[in-house]
Amino acid sequence: MLTFTLRRLSLFIFTMLVLTLLSFSLSFLFPGDTVINHSGQINASTTELAHLNQVYQMDKNIFHQYLAYLSHILNGDFGQSMASQSPISNEIRKLLPATIELSLVALLIAMLVGIPLGFIAAIKHNKTSDNVILSLAMLGYSIPVFWLGLLAILVFSIGLGWLPSAGQISLLFEIEFVTGIQFFDILLSDSPYKWQAFRDASAHMILPACVVALAPATIFIRLSRASMIEVLAASYIRAARAKGLSFQQIIFRHAIRNALIQIIRHVGLQFANLVTIAMVTEVIFSWPGIGRWLIDSIYQRDYTAIQSGLLVLSCFIFIVHILTDFIYAALNPLARGNKHGS
Amino acid sequence: MAVLTMNSNSIFSLTIAAFISLLMGCNEGNKLSLSERSIIYCSEGSPETFNPQLSTSGTTSDATAKQLYNSLIVYKGKNNTLGPSLAKSWHVTRDGKKITFYLRQDVSFHQTHYFTPTRLFNADDVLFSFNRILNKDHPFHHVSGNQYPFFQSVKFSELVEKVEKINDFTVRFILKRNDSSFLANLATDFAVILSAEYGQMLQDKRAEHEIDISPIGTGPFKLEDYRVGSLIRFYRHESYWQEKAKIEQLVYDISPSKTSRLTKLLAKECDVSSYPIAHAKIAERSDLQLESITSLNVGYFAFNTKKEPFNNKLVRQAISLAINKQALIETVYQGQAAWAKSILPETSWAYDKNTPELGYDPVRAKSLLEVAGYPQGFIMDIWAMPVQRPYNPNAVTMAKLIQADLKKIGVTVKIISYEWSTFLRRLSQGEHQSFLLGWTADHPDPDNFFTPILSCSASELGNNRTFWCNKEYDQLLEKALQTTNMDKRKGYYAKAMAIINEEMPLLPIAHSKRFQARGFDVEGDILSNFGGISFYNAAKNTINNEAKSIVQSKIAEEASN
């Protein structure tokens, strides 16, 4: 397990180095002055500019410049947003939790819906229900998320008036920012309207989370179906059946557990996909997350924000990957022998 | 083991059930839920500042003036006559040069997390607020850019000699000359009263610029929170000098996109929406209502009275008679504008209902042209403004419709349009024969329509591009400004309107309307007659509210028994 951990750690560090190198080079590739792209201080005076040049070591060679940039990043200094002139680390600290919250809820929905459906399809392999579930999965996978989001607003917000269409919570509620995860903040707050706020936040969550969850859910259907079919064909299942175990016993005691292990590996991969979908969804539902902020930054040509936002997002996704790898390894002893990162 | 899990499960569900019942209990009790005591307003943009003295933008004064502040006097009632506000009464000397205000003694300023007032409103606050604009040495004069656009446009500092404090609750304005629009200017959204004590505190902290960012006023609401481009949160001012506002919380949801405002309105995420689109869709919904108010502007078609053939009054009348105004309003404004009978909107107190109007009569137009000596018609040009303005959303289309109308009486029209700044420059040089333009008033005093558009002085250096100059008309305007008697002023303006309709230097077409949509549960006037919005009278009408009032009336009955 130790070698496994060390290997993952070194993989993490080297990938991060490559990522910082990429974001460092973006400052040169974007139009404008490199040091201003690094720091985001577009209105810097001459003295400030001289100071910036010094702290980013612009007079030395490119390797020193990179080290200076790296030390800034490690100290949590991503520079300022060119548009709002406030530190990017603050903005990310405020926005990233909202995206994580949305993605986690969506992931949960996708797993709760997708995996059981996939199992049912596998158990009824090649029967009508299998075909129906598979075609539904295909259909769901092909629907573009921006269209689905607008359709959901049209039907559930405008037409039926059941669910709100924008934002994380009604503006009436003042929830103090503690963790950034709205549900936790509501529970931590001492507002007299805590439960009203909680209900309101849940209502705001349903539409965007379902929209984000659709595509990953269909993938989970296909993954869990494939892995279940594989498990059901394995010899130990045949042995169990020969022992005379009932169908329920076989499925719940043996098949599901073994099939799930295969799926957990893919959860991490799906998370990257999920965050990408969440970014588009955030724009449609005016969700105050990092995706919407990043897309706004692209519109405003806020280079510092784009480059730091990309860095933080990819770092976040990578951490999720490694975490799922660990969980997988913890659940499946066979995987620990797998020395090379994937 | 299984039993144990069952147990903890059932305990868990019991707790949840208890929670839920607690929750419901709270709701059904005497407390109204938060949304029933608050209003969310979807506004079209962020305010530039929280001090309406500094900006004439409608968005800014909508978000600040009537919510956060009061002025000395206000427009009141259906006829928009001047009434008391922070000044309980006022007195004008016979020569009109000294105006004394007697102030209320029970007005308190906002208490917020950034300021706690220690005294009530008094004369110092009035002096502080107006000297900021008038006095170049005032410590706050140069704060936030030194621009007071409204006061500069009415030449306030040239009019006011000084503001005097007679005693703690009496203030006197001394004017250099008599000007009856002075009081009207003090009643606008821009002439608000700031707190001198707060100013002093900021000066001590050397944070003068805060005065326009974290506002302190006397209005029905106080600022709680502002996030640029996202929201403004107001709380009710609990010790407001009049009855408290009916709602406890007012939130401006800043949604610049028209479609997102509509979505939020339809999805009930906002209670009131500014400038809605899709009027038909809103009107057909049973849970929403659409309302509108005529704005203080006028779109008109005007002639260059210095050029052939429009130096002839008969030609001007003939052309005006030949234009089908109804069609213009339906096509260009899509019916969302009020028919203009004169340059003054009908909502103004000075509007005279008996103002004559030429109307639409192509046959008479043709005969008038013959009398004027143009039986075969002539060729003319119309200059159509290239930009979209509330008073004229599409001047080129309007010009095309007029072209078709005039063809019927044998007049051929060429439509000319330049880029906006070139257009205005060439207009001022008088190169045109006729043109489509409009005027948005800065304040509701009727003089603001008559003098800038058509007076002789405006034809020399101002906005009068008709170059029409009528001595009788100018004298009427002068007399109207010198008297403070409302009835007399109204009479003078009625005569002035009659002169315009006889002489026809321009044909008023429409006054555009300002629209607003709201849910049926929102009660009370929000749009005020002369620009601006106020949520002071707004309230939510809910089932709980009704239940409460029934209970209260029952209690009252029993008590009386």
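In what follows, every chain begins at residue 1, and chains take the letters A, B, ... in the order their sequences are listed.
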Review point. Do you know which two heavy atoms are closest between A:Leu163 and B:Ala267, and how far apart they sit?
Key: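 So the two residues come closest at O-CB, 4.5 Å.
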Review point. So which heavy atom on A:Leu172 is nearest to which on B:Leu34, and how close?
Key: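 It is O-CD2, 3.6 Å.
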Non-hydrogen atoms of chain B under 4.5 Å away: do they reach the side chain of [X], the backbone, both or neither?
X: A:Phe173; answer: both
X: A:Ser165; answer: both
X: A:Ile153; answer: side chain

More than 12 heavy atoms of other residues, nucleotides or ligands under 6.0 Å from [atom1] of [X]: is that the case?
X: A:Glu176; atom1: CD; result: no
X: A:Arg301; atom1: CZ; result: no
X: B:Tyr235; atom1: OH; result: yes
X: B:Asp525; atom1: CG; result: no
X: A:Phe184; atom1: CZ; result: no
X: B:Lys268; atom1: NZ; result: yes
X: B:His142; atom1: NE2; result: yes

Euclidean distance, [Y] [atom2] relative to [X] [atom1], rounded to 0.5 Å:
X: A:Tyr193; Y: B:Ser35; atom1: OH; atom2: OG; result: 10.5 Å
X: B:Thr263; Y: A:Leu154; atom1: OG1; atom2: CG; result: 9.0 Å
X: A:Leu171; Y: B:Ile232; atom1: CG; atom2: CD1; result: 11.0 Å

Check your understanding: Is the backbone of A:Ala166 close enough, under 3.5 Å, to the side chain of B:Glu269 for a donor and an acceptor to pair up by distance?
Key ->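 Present.
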Practice item. Report yes or no: does B:Arg233 contribute a side-chain atom to a donor-acceptor pair with the main-chain N or O of A:Glu174 at less than 3.5 Å? Key: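 Pair absent, no side-chain N/O of B:Arg233 close to backbone of A:Glu174.
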